Participant: 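Take a look at this one; I'll ask things after.
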Amino acid sequence: MKYFQKISVTLLILASSGLMSINAADGIEVSHLGVNNTLVHITGDGRYLLLPVEEGVEDAKVDILLDGKPETSIYVRLARNKVDYFVPFDLSRYKDAEVLLNVVTAQGRSSVREAKDDACWKTICLSDTFDTSNTEKYRPAFHHTPLYGWMNDPNGMFYKDGVWHLYYQYNPYGSKWQNMTWAHSTSTDLVNWQHQPIAIEPNGLGSVFSGSSVIDKNNTAGFGKDEIVALYTSAGINQMQSLAHSSDGGMTFEIYPGNPIITLESEARDPNMFWNEETKEWNLLLAHALDHEILIFSSPDLKNWTLQSAFGKGLGAQEGVWECPDMFELPVNGTGEKKWVLLCNLNPGGIFGGSATQYFVGDFDGKSFKVDTPADGVVPTKWMDFGKDHYATVSWSDAPDDRRVVLGWMSNWQYAAEIPTKQFRSANTLPRDISLFRGDDGEYYISTIPSPEVELLRGKKVTAIKSKSIGTKPLVQALPTANDGICEINLTVTARNAPVRITLSNAKGEHSDMVFNPVDNTVTFDRTASGITDFSQDFSSVVSAPTFRKSATQSLRIFVDRSSIEIFDDEGNFVMTNLVFPTVPYSLISLAAENGKASLKSMDIYSLNPAQNN
Ligand code: FRU
């Protein structure tokens with residue numbers, strides 16, 4: 001950094017005249033200009049400026065100037081009373097430039113205090129390192145999670161040359177939603193993730209909201225063969241759609257100078273596109289958020305899009321906003337048939353309150369989507385996951401072997417910003433492979449299984465039980481203890497005209513309960529006594545999934561991470577994703593039959609190994 005000699009002299013004069021105060025960490029000069037305005041001059045060297053954050057206060061607006069010119073603006077909850085954690089602002093890209101931060105703290109502060117009294121100025125500092133080692137007890141051991149900062153929707157996923165690319169909505173400057181960028185992770189096996197540099201940052205059109213990417217195999221856009229083309233929503237005062245492209249396989253993106261490529265007068269976001277082999281054109285879905293419909297476009301070149309139709313008015317769940325659509329063809333299990341499926345995330349208005357993913361099954365001709373409509377004319381509302389914590393689910397483009405692999409954000413907007421973690425917030429679900437099955441009612445439903453790669457996590461089989469009867473007195477079995485008890489439980493129970501309760505519990509008396517009810521063909525999940533629940537009135541809940549079959553026997557695959565439980569029906573008929581925050585790990589599993597008559601056909605429990613790079 002160049003030394004700000006002239007300014008420093010001015011500051012000294014002002015300070016000695018009592019107009020302002022200077023308190024400096026090494027290489028930083030902080031000068032307070034008024035009740036809510038502070039200038040921060042970077043005069044020393046250091047890769048990062050470490051910004052002290054207090055989660056409970058409002059954002060300060062930080063304008064960053066390089067050599068006197070505006071570079072970017074970020075919003076940070078700069079600490080007022082106490083420092084909860086630090087976030088790094090990377091200065092390495094500004095080498096040899098003069099860096100000045102113009103900080104405006106929220107107006108409301110002026111009534112009670114002045115910015116100069118704020119705690120952040122005592123601890124703001126330069127550093128060559130930022131410690132991302134994470135010791136938080138609720139940090140997932142085998143779910144994709146950012147090293148620090150806030151994450152929501154998965155974005156722009158594509159598979160190329162053996163690598164699964166995952167981008168995601170990310171705030172690098174705090175563990176609550178703000179400063180949306182596309183962060184990036186890669187994996188060769190869908191379970192071990194490598195954190196990559198941020199891929200797309202906000203620019204003059206606004207922050208970078210959700211979107212998708214494709215491989216332009218035929219160079220339709222003219223950027224080059226196999227260019228990665230991403231579309232995302234630029235969110236400023238309005239929402240518009242922007243294009244970025246990458247010639248290095250998705251590591252770095254160039255922003256298209258012709259942006260925005262789609263503008264509308266009303267709120268529309270989260271462009272999701274795919275190559276349509278039938279029509280030899282691109283299709284794009286856009287969530288017309290407040291109008292509760294999905295706009296369908298087509299294009300020959302990824303740049304010029306023609307609106308073809310709108311789908312969804314009056315259909316399915318209609319509350320809240322419609323967001324993050326996706327569409328693809330899926331095979332129907334056990335038949336040669338294929339059907340189109342349109343995913344539509346909505347918030348609030350989900351099946352159990354807040355966020356959830358609904359879907360429609362039908363046909364698509366490249367221009368409009370026609371939903372299958374039963375004889376009574378009422379299109380049923382279908383849900384992709386029967387838990388509280390599954391949202392913004394979209395799929396990878398170009399997954400190998402004709403697979404359709406999806407990933408959801410494992411949280412709920414009702415309380416996502418309040419969950420009891422600090423350095424990071426949110427994880428993604430396990431990756432899932434989907435197809436369709438036909439229910440007894442003749443309807444098509446999504447079948448969901450954990451992606452086969454998830455088995456790579458398996459450690460020792462610690463329990464193998466065959467044929468035991470279950471009475472009213474619980475059958476109790478210890479859970480593995482390594483790595484805070486993370487495990488996979490595969491079990492099959494046969495009930496006799498009454499519910500069977502499966503409980504995970506710890507020494508503190510906290511428990512999560514699953515109940516298989518063969519009478520009404522449901523599986524419920526109750527987390528009301530699961531551990532910490534009081535951070536939001538919406539968290540404590542009992543959710544329920546239909547089993548989609550009339551059977552006294554039910555097989556479940558249950559994945560227990562440090563702060564989540566995913567329950568898959570063994571055949572894929574339903575899945576339930578729920579966060580839980582036990583104060584100590586669950587150490588026992590117990591099974592009991594309400595009428596004293598059930599049997600455990602089998603139960604295999606595997607300890608799981610933590611994923612790498614988590
Ligand atoms: C869904 C969503 C999207 C939007 C993004 C912003 O969770 O609201 O519609 O693009 O989050 O982060």
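Just so it is clear, the model here is predicted, and its values are computed rather than measured. Atoms within each ligand, like the ligands themselves, are counted from 1 in listed order.
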Participant: Centre-to-centre under 6.0 Å for Tyr48 and Phe86, is that the case here?
Facilitator: no
Participant: Is the distance between the ring centroids of Tyr75 and Tyr173 under 6.0 Å?
Facilitator: no
Participant: Is the centre of the Phe369 ring less than 6.0 Å from the centre of the Phe364 ring?
Facilitator: no
Participant: Does ligand 1 have any N/O atom under 3.5 Å from a protein N/O, and what are those pairs and their distances?
Facilitator:
unit_1: ligand 1; atom_1: 7 (O); unit_2: Asp153; atom_2: OD1; d: 2.7
unit_1: ligand 1; atom_1: 7 (O); unit_2: Asp153; atom_2: OD2; d: 3.3
unit_1: ligand 1; atom_1: 7 (O); unit_2: Trp413; atom_2: NE1; d: 2.9
unit_1: ligand 1; atom_1: 8 (O); unit_2: Glu323; atom_2: OE1; d: 3.4
unit_1: ligand 1; atom_1: 8 (O); unit_2: Glu323; atom_2: OE2; d: 2.7
unit_1: ligand 1; atom_1: 9 (O); unit_2: Arg269; atom_2: NE; d: 2.7
unit_1: ligand 1; atom_1: 9 (O); unit_2: Asp270; atom_2: OD1; d: 3.4
unit_1: ligand 1; atom_1: 9 (O); unit_2: Asp270; atom_2: OD2; d: 2.6
unit_1: ligand 1; atom_1: 9 (O); unit_2: Glu323; atom_2: OE2; d: 3.1
unit_1: ligand 1; atom_1: 10 (O); unit_2: Ser210; atom_2: N; d: 3.1
unit_1: ligand 1; atom_1: 10 (O); unit_2: Asp270; atom_2: OD1; d: 2.6
unit_1: ligand 1; atom_1: 11 (O); unit_2: Asn152; atom_2: ND2; d: 3.2
unit_1: ligand 1; atom_1: 11 (O); unit_2: Asp153; atom_2: OD2; d: 3.2
unit_1: ligand 1; atom_1: 12 (O); unit_2: Asn152; atom_2: ND2; d: 3.1
unit_1: ligand 1; atom_1: 12 (O); unit_2: Gln169; atom_2: OE1; d: 2.6
unit_1: ligand 1; atom_1: 12 (O); unit_2: Trp177; atom_2: NE1; d: 2.9

Participant: With a 6.0 Å cut-off on the ring centroids, do Trp164 and Tyr159 count as close?
Facilitator: yes
Participant: Run the numbers on Glu293 and Lys313 for salt bridge (charged side-chain N to carboxylate O under 4.0 Å, His left out), then give the verdict.
Facilitator: CA-CA 5 Å; Glu293 62 181 8; Lys313 269 260 155 76; 3.6 Å; yes
Participant: Just to verify, which of Leu231, Leu284, Ile261, Val214 counts as forming a side chain to side chain contact (heavy atoms under 4.5 Å, CB included) with Leu302?
Facilitator: Val214
